[in-house]
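See structure below.
Counting convention: from 1, in listed order, for ligands and their atoms alike.
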Amino acid sequence: MSEMIRLDKFLADMSAGTRSQAKELISKGKVRLNGNIVKDASVKLNKNTDIVEIEGVKTKYCEYEYYMLNKPAGVVSATEDKNDRTVLDLLTTKARKDLFPVGRLDKDTEGLLIITNDGELSHMLLSPKKHVNKTYYVETDIYIDESMSRLLENGVDIGDAKPTMRAGVKVINQKNNDKAFYDSEKNVSLITLTEGRFHQVKRMYQAVGAKVIYLKRISMGGLKLDERLKSGEYRPLTDEEIQLLKKIR
Ligand code: URA
């Protein structure tokens, strides 16, 4: 990938407005390149080594960003929405403005959502051919017994052309509930899917006669939701976490 980039594109990529707003900043003398005011928006610079200051603030170029968000209920997994707050509205410290969520969680679903501008990685994580594992913490209105578990594991008819693929189900019953994370008063199970159909978890449980009353994704492609993140909080992925996801390629 080329190291060289136009000054106005550098600014626009780094969230300094649109390309024309970037041009205006430049023509007003508010941008310095290696210490000198530059008024030509078409000047090319090395995005890794040249130093850009926008209104006095040194700005590093960032090609890709990767975040994990603990999505709260009530926000939509989209980049923009007429009626609702989006997951991107929660990212207040992002450098890039071309970020998007990797796949979708329903508005009322919580938990792990990867947000990036790396289209290739996103494609890999979502490709039906890659069978990337996604694990969900599920609370249901009724106890998920052995026979329901087996049905969920073996695949159920949820009204699509094909039944669901094999899944992993772990029922967290009251006796072996030794982790504070799980509230023993509730009917909790964990389900691991390798596909990502519309409302898949809710429809699968419905197919075995249970209603999902709370749903949270806790891992995707080996990446676990950081339990220190409160609902609505996010953090950048570490280099190790990014490499872990890239192994899927
Ligand atoms: N399955 C669902 O039903 N909803 C989600 O948000 C994710 C998986």
For this session: Can you pull out the closest protein heavy atom to atom 1 (N) of ligand 1? Residue, atom name and distance to 0.1 Å, please.
Result: Val201 N, 3.1 Å

Exercise. Can Lys47 and Asp13 be counted as an ion pair, charged N to O under 4.0 angstrom?
Worked result: no

Seminar exercise, completed: ligand 1 to Gln200, heavy atom cutoff 4.0 Å, flagged ligand atoms 1 (N), 2 (C), 3 (O)

Problem set entry | No-hydrogen, no-angle side-chain donor-acceptor test under 3.5 Å, Asn70 and Glu233 | no

Exercise. Any side-chain heavy atom of Lys202 sitting closer than 4.5 Å to one from Thr109?
Worked result: yes

Problem set entry | Taking atom 4 (N) of ligand 1 as the reference point, the nearest protein heavy atom with its distance | Asp106 OD2, 2.7 Å

Exercise. Just which atoms of ligand 1 are under 4.0 Å from any heavy atom in Tyr136?
Worked result: 7 (C), 8 (C)

Exercise. With no hydrogens and no angle check, do the side chains of Tyr205 and Ser189 hold a donor and an acceptor under 3.5 Å apart?
Worked result: yes

Exercise. Do any nitrogen or oxygen atoms of His199 come within less than 3.5 Å of a nitrogen or oxygen of ligand 1?
Worked result: yes

Problem set entry | Residue Leu215 vicinity, atoms of ligand 1 by number, heavy atom under 4.0 Å | 1 (N), 2 (C), 3 (O), 4 (N), 5 (C)

Exercise. What are the atoms of ligand 1, with element, lying closer than 4.0 Å to any heavy atom of Thr109?
Worked result: 4 (N), 5 (C), 6 (O)

Problem set entry | Check: Glu110 side chain, Arg217 main-chain N or O, donor-acceptor pair, under 3.5 Å | no

Problem set entry | NZ/NE/NH1/NH2 to OD/OE distance under 4.0 Å, Lys224 and Glu241 | no

